[in-house]
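Read the structure below first, then the notes.
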Amino acid sequence: QVQLAESGGGSVQPGESLRLSCVVSGYISSRNCMGWFRQAPGKKREGVAAIDSSGSLSYSDFIKGRFTISKDNAKNTLYLQMNRLKPEDTAMYYCAAVDGITIATMTSPGNPDEYKYWGQGTQVTVSS
């Protein structure tokens with residue numbers, strides 16, 4: 001059973017940075033895709049960024065170079081570095097994973113329905 005545990009959320013002011021972490025435990029195949037999603041109150045869950053086992057990356061347009069997804073395979077950890085945060089980035093951020101596929105074979109790496117495993121989320125609040 002794959003388990004995902006996010007951390008690193010918090011309350012920051014506009015323009016500041018946060019780094020989210022997601023530790024993966026349990027077996028996941030060597031061919032996989034992992035992603036970050038977010039959900040604000042009253043809104044649908046939306047994809048933020050994804051990275052697969054081949055190193056391919058995918059970012060949603062609204063990121064516009066502010067966020068960076070990365071992973072440390074030795075630590076079984078996925079990261080999301082978020083810079084120049086804005087109030088509209090306020091949301092619960094979730095880590096997700098799916099095995100057996102890569103970004104190239106996904107219909108949309110930003111579609112939550114493409115992922116099988118989910119963490120519980122970590123809250124990010126950006127406010128002055």
Using a distance-only test with no angle check, is there a side-chain donor-acceptor pair under 3.5 angstrom linking Ser53 and Asn32?
-> no

Would you confirm whether Tyr115, through its side chain, and Pro109, through its main-chain N or O, come within 3.5 Å as a donor-acceptor pair?
-> yes

So, does Thr90 use its side chain to make a donor-acceptor pair with the main chain of Glu88 at under 3.5 Å?
-> no

Give a yes or no on whether Val24 and Ile101 share a hydrophobic cluster (residues Ile, Leu, Val, Met, Phe, Trp, Tyr; joining criterion: side-chain heavy atoms under 4.5 Å apart).
-> no

Which atom of Gly8 lies closest to which atom of Leu18, heavy atoms considered = O-CD2, 3.7 Å

With rounding to the nearest 0.5 Å, note down the distance linking CD in Gln1 to CD1 in Ile28.
-> 11.0 Å

For Ser11, does its backbone N or O pair with a side-chain atom of Thr125 as donor and acceptor, under 3.5 Å?
-> no

Report yes or no: does Thr122 contribute a side-chain atom to a donor-acceptor pair with the main-chain N or O of Tyr93 at less than 3.5 Å?
-> no

Would Phe37 and Trp118 count as a close aromatic pair, with their ring centres under 6.0 Å?
-> yes

In terms of hydrophobic clusters joined by side-chain contacts under 4.5 Å, are Leu78 and Ile63 together?
-> yes

For Gln123, look at atom CD and say whether over 12 heavy atoms of other residues, nucleotides or ligands are found less than 6.0 Å away.
-> yes

Atom CG of Asp99 and atom NZ of Lys116: how far apart are they, to the nearest 0.5 Å?
-> 5.5 Å

Heavy-atom side-chain proximity of Glu6 to Cys95 below 4.5 angstrom = yes

Tyr59 vs Val48 side-chain heavy atoms within contact, under 4.5 Å = no

Answer with yes or no whether the hydrophobic clustering places Val98 together with Leu57; edges join I, L, V, M, F, W, Y residues whose side-chain heavy atoms lie under 4.5 Å apart.
-> no

Does any N or O in the side chain of Glu114 come within less than 3.5 Å of the main-chain N or O of Asn111, such that one atom is a donor and the other an acceptor?
-> no

Do the side chain of Gln81 and the main chain of Arg19 share a donor and acceptor less than 3.5 angstrom apart?
-> no

Here the pair of heavy atoms bringing Ser17 nearest to Asn83 is OG-OD1, 2.9 Å

Rounded to the nearest 0.5 Å, what's the gap from CD1 on Ile69 to CD1 on Ile51? Could you check?
-> 5.5 Å

For Val12 and Glu16 the tightest heavy-atom approach is CB-OE1, 3.3 Å

Charged tip of Arg38 within 45° of Tyr94 ring normal and under 6.0 Å = no

Output for pair (Leu80 CG, Lys71 NZ), nearest 0.5 Å, gives 14.5 Å

For the hydrophobic clusters of this structure (ILVMFWY residues joined by side-chain heavy atoms under 4.5 Å, transitively), does one cluster hold both Phe62 and Met92?
-> no

Decide side chain to side chain contact (heavy atoms under 4.5 Å, CB included) for Val124 and Val126; before the verdict, give the C-alpha distance in whole Å, the side-chain angles of both, and the deciding distance to 0.1 Å.
-> CA-CA 7 Å; Val124 172; Val126 185; 4.1 Å; yes

Any chance you could measure Ser30, atom OG, to Tyr27, atom OH, to the nearest 0.5 Å?
-> 6.0 Å

Looking only at atom types and distance, does a side-chain atom of Ser29 sit under 3.5 Å from a main-chain N or O of Arg31, one as donor and one as acceptor?
-> yes

Counting only N and O atoms by type, is there a donor-acceptor contact under 3.5 Å from the side chain of Ser21 to the main-chain atoms of Tyr79?
-> no

Please report the shortest heavy-atom distance between Cys33 and Met106, naming the atom on each side.
-> SG-SD, 3.6 Å

So salt bridge (charged side-chain N to carboxylate O under 4.0 Å, His left out) across residues 119-128, not counting sequence neighbours, yields none

Is a side-chain donor or acceptor of Asp52 paired with a backbone partner of Ile103 at a separation under 3.5 angstrom?
-> yes

Is there a donor-acceptor contact under 3.5 Å from the side chain of Gln3 to the main chain of Ser25?
-> no

